[in-house]
Engineer: 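What follows is a single structure, and I will ask about it in a moment.
Just so we're on the same page: letters track the sequence lines, and every chain starts at 1.
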Amino acid sequence: MRPKFSILNVLLLFSALAFVACVITIVMSARAEARFRAQAQLSSEVIEQLNGVIISALNAETGQRGYLLTGDEAYLAPYETGAGIVRERIDGYRSLIADNILPSQAATLTELTHWTEVKLTELASTTDLYRSGDRSGAIRLVNTGAGEDAMGNIRRLTADLIEQQYRIQNSSHFDARLARLSVLVSVVALTFLSLFGFGLAYRNLQRSEKLDVVEHQAQELVEERARADLLARELNHRVKTLFAIVQSIVSATARRETDLGAAARKIRDRVHALSSAHSLTSSVDMQQQTTLAALVEAVVASQIDGNERFAVSGPEIAVKAHSVTPLGMILHELTTNAVKYGAWSEDRGKIDVTWTVEPGADGEGQELYINWVETRSARTNPPEIGADGFGSRMIGMSIAQLGGRSTRNWRIQGLNLDVIVPLNAEGAVSGRNQTAT
Amino acid sequence: MLSSKKILIVEDEAIIAFDLEDAVLSRGARAAVCLDLESALAEAAAGDIDAAILDYNLGGKTVLPVADLLQQKGIPFVFNTAMADFVNLSARYDGALVCRKPVNEFELVEVLVRLTGGSMPPPPIAGTGSGSPAY
């Protein structure tokens, strides 16, 4: 589960809007820039036309003056050319600004057109008078100053239009600069937005990684807790069962003894054997197991000094914790019997314990054959196991608990007993009752 | 008295089964000892038993199928368990008695006598238990 970052959501929405605004600004700026360039192109053409008006008007006037002064027809050519070009330039200017003409431009243009026509009319009148021979009339007309006035107005009006054009151009230039500034601001804003976005993404990544770690740890804690609870219950169960076993050893032993000392000794030996066997699996780990060799060493070998009176051989066989009590009690009762009546009751008697793994008698699985062989020097019939009845019943019942059986081979040298117990799928002594818990 | 009564003992730990059998036999009763669920079910089905002592946990399996069968046949029984959830057992089997391991022999015999409708036998050996069964 991820918490909702409502503030972050608002910020993200804001960022998205800002991004869109920046894009729009950049597009509009590009268009403003394009407009500025078009305007600059137009302005230069407009100014060229307006300069053309002045120059061609001056050319026409210069031609007129030259003709009037010299009477040389050659001066008429620049006059006529200039007079024609003036109109072309004015028409050119008009058509250039026709699309976006300002009222002030329109007014000035009307005036300029008027004064141009006045000037051209004055020029045409004077040259016509001169050509017809009225030289003094022509000079008089010039001297009225009307032409001069018209020329002055043309200069003034043209300069005014150029000035107006510059103003338009400047305002367009201002727009373009504003647009460039907008683009700059947008780029900076986009950069910051990108950084912010990357930062946010990085932070979310970090946060989600942290959350994953925390969730994982929480899950581990829950599992650990469950394991600990299970272990505690299992341990509690085991302790109570062990107390019950010890209590049973005490009461079953005491029932058969009239002598308190003998009862105490047997109880102590049996509890000690149980304790030795259990110390091999004393860990609280429920999967704990030991080996048959370790069990034999703890319960049997510890009861005799010297290797020459005891021999053990067999492959490594695992013994599950819950099978340790019955197997340990079997080995203990056999040992006790040997010490009391069998091979170890004599100085030179020997015990051989060997085990092998054989296919199951019922054709399924495997069975463990534990062969317990006592060799005595005395050639007398050995007594039955456990004269008080405890040992034989204990052994019989423990074998039953393991789901096994026993075969006793009669030998004059001593006990020869096969204890046969089933092995589980892993080849361990597990008992017939045990499920995989 | 428990004499001539037959007691089914279901217990997967050999030495405890051994001791319980001793305790029952010493009161003049007969005993059928079962160390696993399958033999216990067979013995309960045979039906010539007067009462039963049931260990709850049989090597990872529960003894409940045996308890169900006994209840069906009207044979009284007492649980003998190291498990803590005896309240559930009492509820499931209508006030069935539950002794907690390790059980006091005398308490257990007292319960068996009550279940089989007999009278209290004298303790066979010296020493008395204290407390009362946990029901």
Engineer: Does A/Glu316 have more than 12 heavy atoms from other residues, nucleotides or ligands lying within 6.0 Å of its CD?
Structural biologist: no
Engineer: Out of curiosity, A/Thr241 OG1 to B/Glu13 CD, how far, rounded to the nearest 0.5 Å?
Structural biologist: 7.0 Å
Engineer: Given side chains that start at C-beta, do those of A/His322 and B/Asp12 come closer than 4.5 Å, heavy atoms only?
Structural biologist: no
Engineer: What is the minimum heavy-atom distance between B/Pro102 and A/Ala244, and which atoms define it?
Structural biologist: CB-CA, 3.5 Å
Engineer: Has A/Leu221 got more than 12 heavy atoms of other residues, nucleotides or ligands less than 6.0 Å from its CG?
Structural biologist: yes
Engineer: When rounded to the nearest 0.5 angstrom, what distance separates NZ in B/Lys101 from CG in A/Leu242?
Structural biologist: 11.0 Å
Engineer: Should A/Gln247 and B/Ile16 be marked as a side chain to side chain contact (heavy atoms under 4.5 Å, CB included) after you check the CA-CA gap, both sets of side-chain angles, and the distance that decides it?
Structural biologist: CA-CA 8 Å; A/Gln247 180 181 287; B/Ile16 299 173; over 6 Å; no
Engineer: Below 4.5 Å from any heavy atom of chain A, which atoms of B/Asn57 appear? Answer side chain, backbone, both or neither.
Structural biologist: side chain
Engineer: With a 4.5 angstrom heavy-atom cut-off, is it the side chain or the backbone of A/Met329 that approaches chain B, or both, or neither?
Structural biologist: side chain
Engineer: Walk me through whether B/Glu11 and A/Gln401 qualify under side chain to side chain contact (heavy atoms under 4.5 Å, CB included).
Structural biologist: CA-CA 9 Å; B/Glu11 167 60 61; A/Gln401 181 181 345; over 6 Å; no
Engineer: How far apart are the C-alpha atoms of A/Met394 and B/Phe18, what are their side-chain angles, what is the distance that settles it, and do they pass the side chain to side chain contact (heavy atoms under 4.5 Å, CB included) test?
Structural biologist: CA-CA 7 Å; A/Met394 189 65 245; B/Phe18 176 10; 3.6 Å; yes
Engineer: Using every non-hydrogen atom in the two residues, find where B/Ile15 and A/Ser248 come nearest and quote the distance to one decimal.
Structural biologist: O-CB, 3.6 Å
Engineer: Applying side chain to side chain contact (heavy atoms under 4.5 Å, CB included), run through B/Glu21 and A/Met397 and close with a yes or a no.
Structural biologist: CA-CA 11 Å; B/Glu21 185 186 21; A/Met397 216 167 260; 3.1 Å; yes
